[in-house]
Structure formats: structure tokens, C-alpha cells
Amino acid sequence: MAMALDASLEKNQMTTAMAMAAIKSAYAYTFTTSISLLLLLMILVAPANGRSHGGSYLARGTSVSVEDGTKAAATTVTILASPNGAFACGFYRVATNAFTISIWFTGSSGKTVAWTANRDAPVNGIGSRLAFRKDGALALLDYNGAAVWSTNTSATGASRVELLDSGDLVVVDADGRRLWGSFDSPTDTLLPSQPMTRHTKLVSASARGLLSSGLYTFYFDIDNQLKLIYNGPEVGSVYWPDPFINPLANHRTTYNSSQYGVLEQTGRFAASDNFKFAASDLGDRVIRRLTLDYDGNLRLYSLNATTGSWSVSWMVFRGVCNIHGLCGKNTLCRYIPKLQCSCLRGFEVVDASDWSKGCRRKANLRATQDFSFRKVAGADFIGYDLLYWERVTIQNCKHLCLDNANCQAFGYRQGEGKCFTKVYLFNGKNFPNPHTDIYLKVPKGMLLSSSELASDKVTHACHVHQKEANTSSLMFQDGSSNFKFGYFLTSALTLLFIEVVLITAGCWIVHKRDRRPEIIDEGYTIISSQFRIFSYRELQKATNCFQEELGTGGSGAVYKGVLDDERKVAVKKLNDVMQGEQEFRSEISVIGRIYHMNLVRIWGFCVEKTHRLLVSEFIENGSLATILFDHQSNSPVLQWSQRYNVALGVAKGLAYLHHECLEWIVHCDVKPENILLDRDFQPKIADFGLMKLQQRGSNAQMLSKVHGTRGYIAPEWALNLPINGKADVYSYGVVLLELVKGVRLSRWVVEGEEGVEMADICSIEILKEKLAGEDQSWLLEFVDHRLDGDFNHSEAIVMLKIAVSCVEEERSRRPSMSHVVETLLSLVE
């Protein structure tokens, strides 16, 4: 009995021990599983250089927003990650407070973007959200709830949103069927396995580091060929494959209408038009992308997984001069071994920082009657021919161009007698033999060749003086030496009569002037020099047919002139002014009544037919940009006291426009080019009120466009917010930073980084931290080195503090210009 009891006890103990072991094992398994799941979840939602809201998919009815606490320096906010970790999707910062929904490569050092939903319509960083609505549509909502972008998946049974290993963002139903995908609407990049079809196209970015749409497109044309096309602001043209070569010679076919192409993971590409290529590093273990870059070149990139950098493994063009639009019109393109653009002789560059704007003539062909031609050997401008002839002499070709007012030049191929008259000088470059020589149409007075000067009569034609050209030709008939007495007698009597009238009138004027009291003379001088209407002929004469150009900008070109009362003036030809004459007069009359010592004085205007011109005072020392950014010692270095005075004067001028003048005005384009310096280096703001002139009478589409200059534009422009004086405050803050530093804000960063705006933000964040510290020794390195340390430290600190407050992304945090004036004056007083 005892033995049976012991055995029973022992059995119960063993059962209990086994049960406890099982329980411990279960707890251990559960704990291990929980840890594993937690680690997996952490991997899936790991942030990519920014905040992470986390998740491998979005369920129907959920939404994610950019939180208020997002760090200013963070470039991305991850929402979804692909299972293999190669791609992430979420909010991507494109400006101070502007975001897109994008997909990027997590392994690249710069978080290279592969796709963007709203590339041309970024949303506000505060209040915007990505919502997978209950109706099944995936939508991006701006801060005000407006849908900026959405998918077409409403009422389709959509269940969730996922980011696949291929980089395709998809909306699927409960059975996993694909209802929508980002592969169906690429931006500038094609990923492996992503099809190229008749319904898809790649559109380049507008510039390095920007995501917005550019001027180049890769697409299937109606003839079933893959092509590259340039869509410029003035002209457009196909530049690949060579449109002058037969498709068969390009090894293409136009008969396969399936219009399909795909990039394989190994690096091979094949399309239905027989276009094929292969990467230089063939293999299936490489992350690749085929991108139409901002310069119009189609390139295949391979990612170095160790360094995060990209290398080019194939591209369409080795020399980029075959790409249209890079150098703009009236230029020649060279590649030696990098892109080099140059203006034709007799032309000048429109914008040296952007050669795609091309060059313009120094002389106005429309104001000239007599022309000749200047030879440009071995060059040609592809396309834009007026007419084409064969077997003609070069003299005949010259006359054909002279007889057509729209002809800008002609090309002639020696030995073949081929003649091409050109209406537009675009895509210019040098060609090897056999080549076509170009002959530019130029005024005779601009010829520099001695042989041309000897054979052609030099004339300077101007419409104002045209009637003076033939006054003596009546003395002779058809160049004959036969004297005509009748003509002589008639001319003599006419001259005698005119002389008597002029002498009589002159004596009467002198007599009346001598009898007039001195106070009347002074009063007349004052009245005649006030704001008034000029005739176009009067301004044409004052500017000598608009010969001396002082500068040009978005609102028009400016020319130097001298009025009859010997006042020097600046005459601006206004562009994009759509109002009628009466409305233009009323608007200008408001601007003409504005007077402040720090604003350029407007003397008058001209409105005749299509001509819209403004006449303002001439400022001797030109723009602040010319002096401040000249590091070649061509201009005197702007001393610190002068810089502080410029900062104060500009603030006073803007405060007057915003708060004190007859009609409050937002400038909308405050930059160093629009700040002029007089002989005493006192600042005067130019071009105020012009934005209002350009907006009145324009359509809603024009009003929605961003106004101003890149680098000085406030974030609210990109976000389509109402514009007020705080936009000028932002631009003023950028100008202040440049006054202290002595260089453009965009040059604070190392060349080659993507996103100039992003680097500026980081620089300003660092500057804020330095200003908050007690050690101010960094100022010596920060302030313009040309001053050799000769500056007022207190004034520099105040200017920088004002600047960083002015460039706050939230405009409610920016000071008013009146407050800025008070702060700057506090140190002066």
C-alpha cells in the first residue's frame, strides 16, 4: 500500500513537473515570437532620414499626416516601406514647408526619388494628409481639405495600399487584385519590370534637385517609335532619334503598333520599335533606374549598395550638344568635354546663370533698313527653315533672306548650291565637313570685317530720323550729274521761307521770355518735370532707338535715355501687360504718385498701340547685385556701413509700400537686382507695383503662377496661399543674409548636392543655433571675407537675427517691415 502511494506521489510530481516545463516553454515561445514580431515591425516602419508613421500597408479608412513636430531639417516622412527594404513611400520635402507624396530609394545616400504623385502641386507641411478614403480612393489632401491628387479607385472594392518590392505603389482589393499602381503613371524614372506603353511617358525634372516637370519627354510617338522631344516655352522639336534619318537607318521599325517596352532587372531594355540597349554592368543583383534627366539625356543608373552613390551604366548621348534647348537660341553649343555655350557675335546672353534662355541681339533688326551678313564658318542651326532651295548662288541666297523680314540668317553649302533661310536660330553647333556655313543677318553698321566695311556703306538707321535721309536727293535725278534749275529754285525759295519763319518765331520767343518774371520760369520747369505722358517717338529719340540696355528682367528690358531737359532716365519696356489703355493709365497714375527717398522715382509713362513703357529716374551705380556679388574686383567693395545703410533703406522703402503709401503694394520680387544704388550708395527699390500691372486683365491661370525669382520666393507661393506683405518680408530676409555673407544664398552649399532649397534650410537652422549661443567668434568666418574683419559685430548680429526671423516658413512668425525698421534704427540712434 505504501509502495503504491509512493508511486502515485512520484507520478503526480512528474506530471506537475512536465506541466510546469510545458508552461515555461509556452511562455518562452510566446516571448520569442513577440520579440520577433516587434523586430519585424520595427524593420518595416524604420524611418528614412526623417520621421516614420510606420506600416507595411494602409487599410481602408485610415490617413497619415505630416505632424507639426516634424524637424525642419528632415527631408522625408516614411509612411510605407517595401518588404525588401529597397523602397519607401511617404512625404518628401521639396521646399521650406512644401511636401510631395513620393517613392524613393532607401539605399541611396540622397534618397533619390523614383516617383511622385503631386510633383507640380506640393502641399503644406502642416495639416496636409494622405488618406485612404472609405470609398476606396487614395487621396492627398492639402491643409484646407482640398484634394490635390487622388486615384481612380473609388467604389471598386479597394481594400489596402501596399508598396511592392518592385517599387510599385498599388491599391488592391480583398483578393489581392491590382486596381491601381504608380507604375501606370511614371514621372521621370522607369524601374525594372515597369512597362513603357502608349499610355505612359517620362517627363524630366525642371532642374537639378527639383521634382517639378521640365521640358523634355520620352514617349511613344504616333509612328510607333520611342522618341525624345523638347517642349520649350517658344518652340518644340524631336531630337532623338535623329529626325533627319530614316527609321530603318536608325534600326527602328514603325510597323509594330503594340507600343511596348520594358527594362529588365539584368539591365537590358527592349521595345516594340526594335530599340534595344544593355547596361555596362549586366547582372540581376543591381538596383537600377532609367531616368530622363533635367538636361534631356536619358540615362541608366546603377546603385552602389556600399556607398549609396549612383553610376551611369548607359546613356543616349555622350555629347549633349545634340540635345535641343540646353544652350537656348542664338548660341553655339560645344562639348569639350563638358557643356559650353557661347553667344554669336553681335548677341549677348540673357541670363548667364541659365543658358537655356539663350542670347539676344544687341541691335534691333526691326529698327534697321540696311543689312549685310556675317559669316559663321562650319556651323549650322538645325530646323526652323523658312524655305529651301537647291542649285542657287550665294548672292541669290542673300537676296532671298534680305527680301524676307522674318529671315534671321541663311545657311549655304558650298559646292552643292543648297540654301536654307532661317526664321529661328536654335540648336546651333559646329559640324565637320561637309558642312554648311551660316550667314547672320546684321545691320551694316555692326560689321567688324574691314572687307565688308569697304564694300558696304555704313548706315545707322533709326525711325526717328528716317525723314532726314533723302533731303538732298532732289537736287539730282537718278544719280545724274545734270543740274535741274527748277528743283534748285524751288528748294531755295522753300529754305528762305522756312528761315524767315524760324527767325521771326525765335525773336518772339526770346522777347516773351525776357519779359516773363523769373518765378514763372521756375514754375514751368517744375511742372514739366513732374509725372507725365511721353510719346513713343519722344522716348525712341531719348534712348537713341533703345540702343543702350541697362538690364533686363521678368517685367521687361531697361534702356538708358536722356530727355530734352537733359535729365537722365531709365526707360523700361513692359512685357505681359494685357490691360486696355484707360485701365493702364489709371494704374500707372497710382504708381506715379508714390514718392519715397528709397523708391525709384517714376517720371511718366507711354501707352501707344501695343507699346507700354515706364520712365523713371536713372540711378548711377546700378543694382546691388552688380556690386555685392562681384568678386573679380571690377566694382568697389561695399563697406559695412554702406551695407547696413542699404538694409535700413530697403526696409524703409518696403515699410512705406506695405503701410503708408496711397495704395498698399506688395512688391513680389524683392532681390538685389531690383535694389539700385545712387551716387552716394543710397538704396532705391525698383519695379514696385509692376506685378499688379501684369496681373490685372490676366486670366486665373496666370494669377496662379509663382511670381518672383527662385531663391527669393516665399513658401506660400508654392502652396497657393493668399499673398500679402509677408512674402516681401521673406525675400528681404534672403537679401539681408546675402548682404552679410556677400554671396548668393544658393552658393552656401557644396556643388553637387540635390536640392538647393533644402541645403539653404539646413544652413539657416545652423545659423539659428549659432546666434543662440554665447560664442560669436564664428562671425569672422561668416561675414564677407572681402571686409577683412572690418565690420560692426552688434549690427551684424542684429541683421542676422532679423534675417532668420524673416525667412520663417510660417509667415505669421515673420516680423512686419515697420518692426524691422525700428530694430535697425535702434542701433543707429
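Since the model is a prediction, treat every value here as computed from it, not as a measurement. Hydrogens, waters and symmetry mates are skipped; everything else that's a heavy atom, side chains included, is used.
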Thiol sulfurs of C333 and C341 closer than 2.5 Å: no

Kindly indicate, with the supporting measurements, whether the criterion side-chain contact (heavy atoms from CB on, under 4.5 Å) is fulfilled by L326 and L339. CA-CA 9 Å; L326 289 182; L339 179 67; 4.2 Å; yes

Between K572 and E549, is there a side-chain N and carboxylate O pair less than 4.0 Å apart? no

Does L440 reach the side chain of R345, with side-chain heavy atoms less than 4.5 Å apart? no

Are any non-hydrogen side-chain atoms of V607 and Y536 less than 4.5 angstrom apart? no

Keeping the roles fixed (side chain from R643, backbone from L638), state whether a donor-acceptor pair exists under 3.5 Å. yes

Under a 4.5 Å cut-off applied to non-hydrogen side-chain atoms, are Y216 and N231 in contact? no

Working to the nearest 0.5 Å, report the span between CZ of R334 and CD of Q340. 6.5 Å

Can you confirm whether the side chains of Q408 and Y384 place a donor and an acceptor under 3.5 Å from each other? no

With no hydrogens and no angle check, is any side-chain donor or acceptor of S623 less than 3.5 Å from a backbone partner on I675? no

Give yes when the SG atoms of C397 and C419 are nearer than 2.5 Å, otherwise give no. yes

Donor-acceptor contact below 3.5 Å, side chain N674 vs main chain D669: yes

Could you walk me through whether Y712 and E738 pass the side chain to side chain donor-acceptor pair (under 3.5 Å) test, one step at a time? CA-CA 11 Å; Y712 302 90; E738 294 177 340; 2.7 Å; yes

Counting C-beta onward and ignoring hydrogens, is there a side-chain heavy-atom pair between M817 and V729 closer than 4.5 Å? yes

Counting N and O atoms only, with roles assigned by atom type, does the side chain of E548 sit under 3.5 Å from a partner on the main chain of Y559, one being a donor and the other an acceptor? no

Minimal heavy-atom distance between V743 and F629, with the atoms involved, is C-CE2, 3.5 Å

Going by side-chain contact (heavy atoms from CB on, under 4.5 Å), F381 matches just one of N427, I438, V376. Which one? I438

To the closest 0.5 Å, what do you measure between SG (C606) and CZ (F534)? 9.5 Å

If I take atom CG from residue L210 and atom OH from residue Y294, how far apart are they, to the nearest 0.5 angstrom? 10.5 Å

Take L613 and F546, measure what side-chain contact (heavy atoms from CB on, under 4.5 Å) needs, and give me the verdict at the end. CA-CA 12 Å; L613 298 96; F546 304 99; 3.8 Å; yes

Could you check whether any side-chain heavy atom of K726 comes within less than 4.5 Å of a side-chain heavy atom of Y730, counting everything from C-beta outward? no

Just by distance, do the side chain of R360 and the backbone of E348 share a donor-acceptor pair under 3.5 Å? no

Would you say T626's side chain and G622's backbone share a donor-acceptor pair under 3.5 angstrom? no

Passes side chain to side chain donor-acceptor pair (under 3.5 Å), H667 versus D687? Steps please. CA-CA 8 Å; H667 192 291; D687 284 4; over 6 Å; no

Aromatic ring pairing F410/Y439, orientation class (parallel under 30°, perpendicular over 60°, tilted between): parallel

Among side-chain atoms of Q682 and N598, is any donor-acceptor pair under 3.5 angstrom? no

For C668, does its backbone N or O pair with a side-chain atom of D728 as donor and acceptor, under 3.5 Å? yes

Going from CD on Q639 to CZ on R786, what distance comes out if it is rounded to the nearest 0.5 angstrom? 10.0 Å

Do the charged groups of D678 and K684 touch, with an N to O distance under 4.0 Å? no

Rounded to the nearest 0.5 Å, what separates atom CD in E617 from atom CG in L676? 8.5 Å

Side chain to side chain donor-acceptor pair (under 3.5 Å) between D120 and S213, intermediate numbers included: CA-CA 7 Å; D120 296 314; S213 299; 2.7 Å; yes

Check whether any side-chain heavy atom of I602 sits under 4.5 Å from a side-chain heavy atom of L614, and report yes or no. yes

Kindly indicate, with the supporting measurements, whether the criterion salt bridge (charged side-chain N to carboxylate O under 4.0 Å, His left out) is fulfilled by K422 and D385. CA-CA 5 Å; K422 302 285 184 179; D385 297 340; 2.6 Å; yes

For a side-chain contact (heavy atoms from CB on, under 4.5 Å) check, start with the C-alpha distance between S616 and R601, then their side-chain angles and the critical distance, and finish with the verdict. CA-CA 6 Å; S616 59; R601 183 71 184 272; over 6 Å; no

Within 45 degrees of the axis of the six-membered ring of F373 and under 6.0 Å from its centre: does K398 put its NZ or CZ there? no

Kindly indicate whether the side chain of W355, heavy atoms from C-beta on, has any atom under 4.5 Å from the side chain of T331. yes

May I ask you to decide if the ring planes of Y239 and H324 are parallel, tilted or perpendicular, using 30° and 60° as cut-offs? tilted

Answer yes or no: is there a donor N or O on one side and an acceptor on the other, between the side chain of T421 and the main chain of L387, under 3.5 Å? yes

Would you say that L624 contacts L677 through its side chain, given a criterion of any heavy-atom pair below 4.5 Å between the two side chains? yes

Please assess V562 against N544 for the test side-chain contact (heavy atoms from CB on, under 4.5 Å), listing each intermediate value before the final yes or no. CA-CA 9 Å; V562 180; N544 198 14; over 6 Å; no

One should read off an interatomic distance between N406 CG and K441 NZ, to the nearest 0.5 angstrom, of 8.0 Å

Does the distance from a Lys or Arg side-chain N to an Asp or Glu carboxylate O, for D293 and R208, drop under 4.0 Å? no

So F426 and Y230, ring pair (Phe, Tyr, Trp, His ring centres under 6.0 Å) or not? Walk me through it. CA-CA 12 Å; F426 201 56; Y230 165 73; 5.7 Å; yes

Should the pair E234-K329 be classified as a salt bridge under the 4.0 Å nitrogen-to-oxygen rule? yes

